[in-house]
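Below is one structure, written out as structure tokens, with a few remarks after it.
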Amino acid sequence: MATATEVFEQVKAAALAATGPDERALQIDYEALEKKMSAALGARTVTLLHINQYLPEGYEDQGHFNAIAVTEGNVVYDMVIGDQYFRYDVFSAADLTKFQSIDGIYKDEEKREEISFLSLRLQHGDEAHILLGLNDDQRASILAVADKLSLARHPE
């Protein structure tokens, strides 16, 4: 379980790690971002957090990466963070109309390698929210989110 401040700290660490050796570091005003995230999450307790290593292509023009936070009450925050940019969507697990999981292999023709991935698409109405995992830790995080939201949406 995490507070808004703890979620911010994890997002900040991910933002700092998101810069490649040949890239300019993200130009994020971390003090402003912390205030915005605290205002968005309020006093809610976040039970699961998944941070995409990078945004899926075409997902968001201004963002560099996103974080999906799931609260104790099964409310989902999809927060997109970039240089001087912060946007979030909020929806309940009860609002989801579709879960789509894809476990596959991406063929990177340029590097001539195959990369396994796990993707979870959460959809409500016309909106889609994508979690993407490229390693075992990220896969575990995605599966935990899928399990929690699936149980909330379809209890047995």
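Y30 carries K12 over the face of its six-membered ring, with the cationic atom under 6.0 Å from the centre and within 45° of the normal.
Annotation: side chain to side chain contact (heavy atoms under 4.5 Å, CB included) contacts of E34 (sequence neighbours excluded): T5, F8, S38. For E31, the salt bridge (charged side-chain N to carboxylate O under 4.0 Å, His left out) partners two or more places apart in sequence, or in a different chain, are K35. Annotation: salt bridge (charged side-chain N to carboxylate O under 4.0 Å, His left out) contacts of D147 (sequence neighbours excluded): none. Checked against side chain to side chain donor-acceptor pair (under 3.5 Å), Y77 has the following partners two or more places apart in sequence or in another chain: R44. In this structure, the ring pair (Phe, Tyr, Trp, His ring centres under 6.0 Å) partners of H124, at least two apart in sequence or on a different chain, are F91, H129.
A donor-acceptor pair under 3.5 Å links the side-chain atoms of N52 to the main chain of I130, judged by distance alone.
With a 4.5 Å cut-off on side-chain heavy atoms, D103 and R139 count as touching. Between T3 and E6, the closest side-chain pair of non-hydrogen atoms falls below 4.5 Å. Between Q138 and L132 the shortest side-chain heavy-atom distance does not fall below 4.5 Å.
Distance CG/L33 to CE/M79: 9.0 Å, rounded to 0.5 Å. If you take CG on L143 and CG on D136, they are separated by 10.5 Å, rounding to the nearest 0.5 Å. Put simply, CG on L131 and OG on S141 are 7.0 Å apart, with the number rounded to the nearest 0.5 Å.
Scanning both residues, I81 and I28, for their nearest heavy atoms gives CG2-CD1, 3.6 Å.
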In residues 114-122, what donor-acceptor pairs under 3.5 Å come from side-chain atoms, sequence neighbours left out?
residue : atom : partner : partner atom : Å
R121    : NE   : Q123    : OE1          : 3.3

